[in-house]
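For reference, the structure is listed below as structure tokens.
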Amino acid sequence: MGVVGLGAMGGGIAQLCVEAGIETVGREVSLELAEKGRDRIAHFLTRKVEKGQLGQDARDAAVGRLTLTADLGDLADCDLVIEAIVEALEPKQELFRELERVCRPDAVLATNTSALSVTEIASATTSPERVVGMHFFNPAPLMPLVEIVRTELSADEAVNAAFALGERIGKHPIRCHDTPGFVVNRVLIPVLNDCIRVLDEARVTVEDLDAGMKHGVGWPMGPCELIDLIGVDVHVHASEALWEKLREPRMAAPPRLVAMANAGLLGRKSGRGFYRYDG
Ligand SMILES: NC(=O)c1ccc[n+]([C@@H]2O[C@H](COP(=O)([O-])OP(=O)(O)OC[C@H]3O[C@@H](n4cnc5c(N)ncnc54)[C@H](O)[C@@H]3O)[C@@H](O)[C@H]2O)c1
């Protein structure tokens with residue numbers, strides 16, 4: 001396996017791979033950043049040992065399966081490479097062009113993009129049949145779902161290889177086609193935006209709206225709690241991306257959320273969003 005970008009998502013994906021016994025090469029822009037990524041993975045695995053979820057030997061073996069590099073050429077032997085770099089089309093296309101050059105012709109190239117078109121990323125290569133989406137959810141080690149996204153040009157072998165990898169690393173993969181938001185975000189983002197509009201229309205409190213969706217629908221957490229967890233800025237950004245592509249009013253971020261994002265009320269990560277969080 002190759003994982004390009006060892007940030008929040010790539011680090012989690014690499015962790016899943018080494019825990020599943022797969023030799024994994026992690027590529028970052030510098031060895032220093034790669035080492036930071038590995039330190040985070042090692043830290044999470046140590047926490048699992050402390051909680052009794054993993055043996056010390058298994059932890060050490062898992063960390064040992066991760067090789068670090070800043071040189072893309074070190075991905076030459078990988079069967080499958082997952083890209084988890086910055087969410088922008090041009091750098092991703094540039095990377096896929098390079099990956100096509102250095103990887104084996106039969107290697108599958110996957111992108112973890114949330115909001116970009118897998119088809120557009122694949123169009124930078126001359127072998128788009130081997131490009132698929134593998135959309136993990138944050139935090140990847142904990143969230144069971146991975147969306148296996150095919151373009152009109154993806155080969156069945158590439159889709160099946162990505163699906164099989166998802167299963168092997170303990171995820172629950174689902175298959176879908178390359179459309180804006182794929183499956184979950186296409187449903188979830190407008191629903192959360194509807195919830196926030198209802199806050200103002202129905203003059204319900206944040207606490208009562210959350211209680212309504214938990215106790216009336218069976219959601220494990222309320223929409224305001226969920227947006228605080230996702231990050232208000234991340235949700236606004238995702239809404240804007242869907243709005244750009246689909247032009248459906250429900251996709252557009254409600255002004256209340258945009259105002260919160262601009263004010264730095266980002267949810268849990270900033271200590272305050274719909275709710276306040278101590279420490
Ligand atoms: N964070 C989420 O909730 C989430 C969920 C699903 C998918 N995604 C997608 O995953 C991707 C990564 O997101 P993230 O949150 O992990 O970002 P991040 O900023 O935490 O990590 C990105 C990493 O990629 C590295 N990088 C940038 N260019 C590189 C290159 N050319 N080669 C190697 N490394 C490079 C950066 O140094 C950084 O460490 C994005 O496409 C994002 O849309 C994110």
Side-chain angles (χ1 to χ4, degrees), residues 2-16 24-41 44 66-75 78 81-103 109-118 120-122 124 131-149 166 171 173-174 176 178 180-186 188-189 192 226-242 244-245 266-269:
V3 178
V4 184
L6 292 177
M9 294 306 294
I13 295 165
Q15 179 186 329
L16 285 163
T24 304
V25 183
R27 195 263 179 159
E28 258 292 347
V29 284
S30 69
L31 266 184
E32 204 183 4
L33 275 174
E35 276 156 17
K36 280 197 179 140
R38 180 173 57 195
D39 289 350
R40 276 194 301 274
I41 294 169
F44 287 130
L66 180 64
T67 315
L68 303 178
T69 186
D71 179 0
L72 216 54
D74 288 335
L75 301 174
C78 293
V81 177
I82 300 182
E83 165 277 313
I85 69 167
V86 56
E87 182 76 334
L89 184 60
E90 179 46 39
K92 287 197 197 278
Q93 287 188 326
E94 175 65 34
L95 176 66
F96 274 71
R97 240 176 253 129
E98 286 288 296
L99 285 173
E100 180 177 40
R101 201 173 51 78
V102 300
C103 292
L109 308 179
T111 173
N112 183 46
T113 185
S114 297
L116 299 172
S117 155
V118 179
E120 278 187 65
I121 295 169
V131 178
V132 295
M134 284 189 82
H135 183 225
F136 289 83
F137 288 73
N138 192 18
L142 300 182
M143 296 294 282
L145 188 69
V146 55
E147 292 172 331
I148 308 297
V149 184
K171 296 289 110 176
I174 63 171
C176 65
D178 182 29
F182 310 135
V183 176
V184 170
N185 284 344
R186 169 69 180 78
L188 183 64
I189 287 169
L192 289 177
L226 181 55
I227 292 173
D228 273 0
L229 182 66
I230 293 168
V232 175
D233 54 335
V234 171
H235 176 79
V236 165
H237 187 260
S239 296
E240 283 167 354
L242 271 187
E244 282 286 311
K245 291 192 168 142
L266 307 182
R268 278 180 185 270
K269 65 183 167 192

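Values below: all heavy atoms of this structure, side chains included; hydrogens, waters and symmetry mates excluded. In listed order, ligands and their atoms are each counted from 1.
Between Leu33 and Leu6, every side-chain heavy-atom pair lies at or beyond the 4.5 Å cut-off. At a threshold of 4.5 Å between non-hydrogen side-chain atoms, the residues His235 and Ile189 count as touching. With a 4.5 Å cut-off on side-chain heavy atoms, Leu192 and Ile230 count as touching. Phe136 is not listed as a side-chain neighbour of Met143, based on a closest heavy-atom distance of 4.5 Å or more.
No N or O atom of Leu33 sits closer than 3.5 Å to an N or O atom of ligand 1. Polar contact check, Glu28 against ligand 1: a nitrogen or oxygen pair lies under 3.5 Å apart. Considering backbone and side-chain atoms together, Thr113 places no N or O closer than 3.5 Å to any N or O of ligand 1. Some N or O of Arg27 is nearer than 3.5 Å to an N or O of ligand 1, by distance alone. Inclusion of Met9 in the set of residues having an N or O under 3.5 Å from an N or O of ligand 1 is warranted.
Glu83 places no side-chain N or O within 3.5 Å of a backbone atom of Gly5 that could act as its donor or acceptor partner.
Interatomic distance, Leu31 CG to Leu68 CG, rounded to the nearest 0.5 Å: 7.0 Å.
Taking a cut-off of under 4.0 Å to the non-hydrogen atoms of Gly5, the atoms of ligand 1 that pass are 24 (O), 25 (C), 33 (C), 34 (N). Within ligand 1, the atoms closer than 4.0 Å to a non-hydrogen atom of Lys92 are 40 (C), 41 (O), numbered from 1 in the order shown. Close contacts of ligand 1 with Gly7, meaning ligand atoms under 4.0 Å from a residue heavy atom, involve 16 (O), 20 (O), 21 (O), 23 (C), 39 (O). Within ligand 1, counting atoms from 1 as listed, the ones closer than 4.0 Å to a heavy atom of Val29 are 28 (N), 29 (C), 30 (C), 33 (C), 34 (N), 35 (C), 37 (O). Near Asn138, with a cut-off below 4.0 Å to any heavy atom, the atoms of ligand 1 are 1 (N), 2 (C), 3 (O). Atoms of ligand 1 lying under 4.0 Å from at least one heavy atom of Val4, given by number and element, are 32 (N), 33 (C). Close contacts between ligand 1 and His135 involve ligand atoms 6 (C), 7 (C) [criterion: under 4.0 Å to a heavy atom].
Nearest to atom 7 (C) of ligand 1 among the protein's heavy atoms is Ser114 OG, 2.9 Å. Of all protein heavy atoms, the one closest to atom 42 (C) of ligand 1 is Glu87 OE1, 3.8 Å. Scanning the protein for heavy atoms near atom 27 (C) of ligand 1, the closest one is Ile85 CB, 3.7 Å. Ranking the protein heavy atoms by distance from atom 17 (O) of ligand 1 puts Ala8 N, 4.6 Å first. In terms of protein heavy-atom proximity, atom 9 (C) of ligand 1 is nearest to Asn112 O, 3.3 Å.
Looking only at atom types and distance, the side chain of Thr113 has no donor-acceptor partner in the side chain of His135 under 3.5 Å away.
Between Arg97 and Glu94 there is a salt bridge, since at least one side-chain N of the basic residue sits less than 4.0 Å from a carboxylate O of the acidic one. A salt bridge does not link Glu28 to Lys36: none of the charged nitrogens lies less than 4.0 Å from a carboxylate oxygen. Note on Asp233 versus Lys269: salt bridge recorded, some NZ/NE/NH1/NH2 to OD/OE distance being below 4.0 Å.
Of all heavy-atom pairs between Ala140 and Gly12, the closest is CB-C, 4.1 Å. Across Gly7 and Arg40, no two heavy atoms sit closer than the pair CA-NH2, 3.9 Å.
Within a 4.0 Å radius of atom 21 (O) of ligand 1, the protein contributes at least one heavy atom.
The closest approach between any non-hydrogen atom of Ala84 and ligand 1 is below 4.0 Å.
If you look at Phe136 next to ligand 1, the close heavy atoms, those under 4.0 Å, all belong to the backbone.
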